[in-house]
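Input: a single structure, listed below in structure tokens.
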2 protein chains.
Amino acid sequence: MTGGEKRRQARIEQVLDAAADCFVEFGFHRAGMAKIAERARMSPGHIYHYFENKEAIIAAIVDRESARAAERFAEFDAVDSAQLATVMTERAIESIAQKTDILQSALNMEMLAECQRNPEVAEIIQRHDRYIRDQLAHLIHDKLGLDRAEARTDMMMVQFSGLANRLLRNPDLDLKNIVGLMRQTMLSILSPAPVTKGE
Amino acid sequence: MTGGEKRRQARIEQVLDAAADCFVEFGFHRAGMAKIAERARMSPGHIYHYFENKEAIIAAIVDRESARAAERFAEFDAVDSAQLATVMTERAIESIAQKTDILQSALNMEMLAECQRNPEVAEIIQRHDRYIRDQLAHLIHDKLGLDRAEARTDMMMVQFSGLANRLLRNPDLDLKNIVGLMRQTMLSILSPAPVTKGE
DNA sequence: CAATAAGTAGAATGCTCATTCTAAAAGCAA
DNA sequence: TTGCTTTTAGAATGAGCATTCTACTTATTG
């Protein structure tokens, strides 16, 4: 990479970091380009040398955040089968317990609201989700040798997103009290026990 | 109620219906007063005779939607204990399966994003959530005779919100395939089985 | 050291939108 | 009907904001 390209990449990161900050604080729509520019320590007009418009920044943020989420899920690949439910539980709780991820949740909600109206955002979110799902399903099917891997995958993901959601509605939620139940629940989802088919 | 009050109430409902429509379609911020007024078949300025400002409309919508959600949960009160997990599962799936509730989900995401920045909205959401939680916890504790009712309640609610969330990320999700697992999961949450305490 | 290019700033533009204001229409009491 | 209040409309106001434009500064290259 040449010096110029490096500089350019650094500037783009600067914009994305500033934008993420603003989006968390104000939301996609009330975060003005002026504010983003200020936080990125550059002029508003200059941002347009790196992004075509604000939509493109939103898309880039959604992409970056989704990719990071996917990375975090990829780590489960290395986990011992017997420990999977426990490790996932700890991870779900721990990732939520950090203040940063509570804010992260708000950004996630913003993204999910946006994807109802912005097909490009929807496409990005769904692509990353599919990737995570494929990884997890592969894990559940090949490593744990379970049937209905797709359904189990989706149920596992229900736990993750549900927990994040929950904390927004009930900020007083004491995570320590539900960690046991969460582990039991995940174990139940990952158990080969016969399940009555839904009619 | 006098004729005038009735008329006024009807107009207010008209505005709320129109606003809900617009909020789902465009989001809180890009839904203009002009558009809302058009859908409510009245002039923009006129809306200000019923609501102080747009924030107040948002607050009213959040309140109305949360109250409706609470109503739906209240119905579980009448359900036979043995059937509770099954009925809740069916309800979760069924309420999601309806197209209207997919849109509803988007509005919910919008609300949750908003509550990070708007304390009034946060207060409304949390108040209704507390109400739902109390009802459910009472059900679980008194009717099912289970311990740790609060934790179980929260986990049940994780399932509901998680499922809605999931469908936004994966619109191709086949609900039929997970209904069995969802029931098993809810049963597990509502089973008295000993649970290893989280460390 | 030119001289061209790349990077940067910040003001100007033009649009959208919440909110306010003025006045017309409709209900209503006498 | 007449005068008074309530309801309604729709234009005017003014702020905020994405985007564009012009010009300045810094790097790069021959």
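Letters A, B, ... mirror the listed sequences (proteins, then strands); counts begin at 1. Note that this is a predicted model, so its numbers are computed, not measured.
- Rounded to an integer number of Å, the gap from A:R11 CZ to C:dA6 P is 17 Å.
- Here the side chains of B:E120 and B:V62 are not in contact, with every heavy-atom distance at 4.5 Å or above.
- Here the C1' atom of nucleotide C:dT16 and the NZ atom of B:K54 are 11 Å apart, to the nearest Å.
- Residues from residues 26-51 of chain A lying near DNA chain D, meaning a heavy-atom separation below 4.0 Å, are A:A31, A:G32, A:M33, A:G45, A:Y48 in numerical order.
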Fill in: Stepwise side chain to side chain donor-acceptor pair (under 3.5 Å) test for B:Q126 and A:D172
CA-CA 10 Å; B:Q126 287 161 26; A:D172 300 328; over 6 Å; no

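- Two residues are said to be in side-chain contact when any heavy atoms from C-beta on lie closer than 4.5 Å; A:R169 and B:C115 fail this criterion.
- In this structure, B:Y50 OH and B:Q14 CD are separated by 8.5 Å, a value rounded to the nearest 0.5 Å.
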Item to complete: Given ring-ring contact (aromatic ring centres under 6.0 Å, His included), test A:F73 with A:F160 step by step and report yes or no.
Response: CA-CA 11 Å; A:F73 272 92; A:F160 277 87; 5.1 Å; yes

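- For the pair B:Q14 CD and D:dT7 C1', the interatomic distance rounds to 13 Å; values are reported in whole Å.
- With hydrogens and angles left out, the side-chain atoms of B:Q159 and B:T185 include no donor and acceptor closer than 3.5 Å.
- The distance between atom CD of B:E55 and atom P of C:dA18, rounded to the nearest whole Å, is 11 Å.
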